[in-house]
A.B. asks: 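This is the structure I want to talk about, given as structure tokens.
Index from 1, following the sequence.
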Amino acid sequence: MNLLIFLFGFFGADHGLYVSVTNVKYAGNDTWEVSCRLFNTDLEDAIRDFSGESVSLRTDGDIKKSEALVASYIKAKMHFITRQGNELALKWVNGSAENDTVWSYFIVEGASIDVIENALLVELFSDQENVVAIERDGEKRYLRFNAGVKRLQLE
């Protein structure tokens, strides 16, 4: 995981590496904190293709102006599902710009997450990799999604 963080800092706008990192942490009281990190240029392209609107996501102010579009795209591509098949709603908290990346923050309310779907950016890049780190009660687990694996059941 440290390698992914290093690579995020190393590659610029023409990064050649297609990866997102999402952290999902149980905060107690049936609430999960979700943070998602994407390259800004990739997210800009995805939003344009998804909504037909061009956005710039270079500063915190840009993200604030475009938060509805950012949230809509991520909500359409990432899903948290219970064992009973109920989808848990992603609720936008805020977003921020950091170097060439965008952080998006959400909360999810529910006692447990049993299935995760993550198809972020796979419509743009055939070699897109989406890493999800899930943490609950001091235990951390990593999941890897891509164009061929968009849905995983937690055990």
Side-chain angles (χ1 to χ4, degrees), residues 1 3-5 7-8 11-27 31-58 62-63 66-136 140-155:
M1 189 56 146
L3 176 62
L4 288 174
I5 293 168
L7 291 174
F8 256 115
F11 289 96
D14 290 326
H15 51 81
L17 174 74
Y18 302 103
V19 64
S20 76
V21 176
T22 300
N23 296 302
V24 181
K25 183 176 182 178
Y26 187 69
T31 301
W32 298 82
E33 297 171 343
V34 178
S35 60
C36 183
R37 189 175 190 185
L38 299 155
F39 285 108
N40 57 7
T41 54
D42 298 345
L43 186 54
E44 290 167 353
D45 291 344
I47 288 170
R48 185 187 60 246
D49 290 354
F50 178 74
S51 70
E53 295 189 44
S54 292
V55 297
S56 174
L57 301 172
R58 309 307 162 111
D62 291 342
I63 295 167
S66 302
E67 69 183 27
L69 292 168
V70 173
S72 291
Y73 173 76
I74 293 173
K75 288 177 181 183
K77 300 294 181 174
M78 189 163 36
H79 306 277
F80 298 92
I81 302 163
T82 67
R83 179 164 284 134
Q84 295 77 24
N86 299 319
E87 185 169 346
L88 302 171
L90 270 171
K91 296 178 183 176
W92 175 264
V93 174
N94 64 27
S96 64
E98 182 180 295
N99 299 322
D100 293 334
T101 61
V102 172
W103 279 100
S104 300
Y105 302 97
F106 299 86
I107 59 168
V108 174
E109 295 175 342
S112 68
I113 296 171
D114 298 292
V115 176
I116 296 177
E117 294 179 356
N118 187 328
L120 292 167
L121 305 174
V122 298
E123 73 278 12
L124 294 179
F125 309 110
S126 61
D127 55 349
Q128 175 71 32
E129 295 287 329
N130 297 313
V131 177
V132 175
I134 303 170
E135 185 176 350
R136 183 175 184 153
K140 202 167 202 179
R141 181 173 179 196
Y142 297 94
L143 304 172
R144 190 174 132 221
F145 300 83
N146 53 44
V149 178
K150 297 176 189 166
R151 179 183 174 107
L152 288 172
Q153 174 114 18
L154 303 177
E155 297 176 18

A.B. asks: If we ignore hydrogens and angles and just use 3.5 Å, is the side chain of Asn23 paired with the main-chain N or O of Lys25 as donor and acceptor?
C.D. replies: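 No; zero donor-acceptor contacts below 3.5 Å.
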A.B. asks: Donor-acceptor pair, distance only, cut-off 3.5 Å: does the side chain of Asn99 make one with the backbone of Thr101?
C.D. replies: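 No, the answer is negative, given that no donor and acceptor are paired below the 3.5 Å cut-off.
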A.B. asks: Flag yes if more than 12 heavy atoms outside Arg141 fall under 6.0 Å of its CZ atom; otherwise flag no.
C.D. replies: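 Yes, because the 6.0 Å sphere around CZ of Arg141 holds more than 12 heavy atoms from other groups.
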A.B. asks: Check whether any side-chain N or O of Asn118 sits under 3.5 Å from a backbone N or O of Phe145 as a donor-acceptor pair, and report yes or no.
C.D. replies: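 No, because the side chain of Asn118 does not come within donor-acceptor range (under 3.5 Å) of the backbone of Phe145.
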A.B. asks: Salt bridge (Lys or Arg N to Asp or Glu O under 4.0 Å) between Arg151 and Glu117: does it pass, once the steps are laid out?
C.D. replies: CA-CA 4 Å; Arg151 179 183 174 107; Glu117 294 179 356; 2.3 Å; yes
A.B. asks: CD1 of Ile81 to OG of Ser112: how many Å apart, nearest 0.5 Å?
C.D. replies: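 Output value for this atom pair is 12.0 Å.
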A.B. asks: For a quick test of reading the model, state the closest non-hydrogen atom pair linking Ser20 to Leu38 and the distance between them.
C.D. replies: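 Between these two residues, the closest heavy atoms are CB-CD2, 3.2 Å.
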A.B. asks: Shortest non-hydrogen contact from Cys36 to Leu120?
C.D. replies: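 Distance-wise, the nearest heavy atoms are SG-CD1, 3.6 Å.
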A.B. asks: Does atom NZ (Lys75) have a neighbourhood of more than 12 heavy atoms from anything else shown, all under 6.0 Å?
C.D. replies: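 Yes, because the 6.0 Å sphere around NZ of Lys75 holds more than 12 heavy atoms from other groups.
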A.B. asks: Quick one: does any side-chain atom of Asp62 pair with a main-chain N or O of Arg58 as donor and acceptor, under 3.5 Å?
C.D. replies: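 Side chain of Asp62 to backbone of Arg58: a pair is present.
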A.B. asks: So, does Trp103 use its side chain to make a donor-acceptor pair with the main chain of Ser35 at under 3.5 Å?
C.D. replies: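 Absent.
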A.B. asks: Using the six-membered ring wherever Trp is involved, compare the ring planes of Phe125 and Tyr18 and label them parallel, tilted or perpendicular (cut-offs 30° and 60°).
C.D. replies: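 Plane angle under 30°, so parallel.
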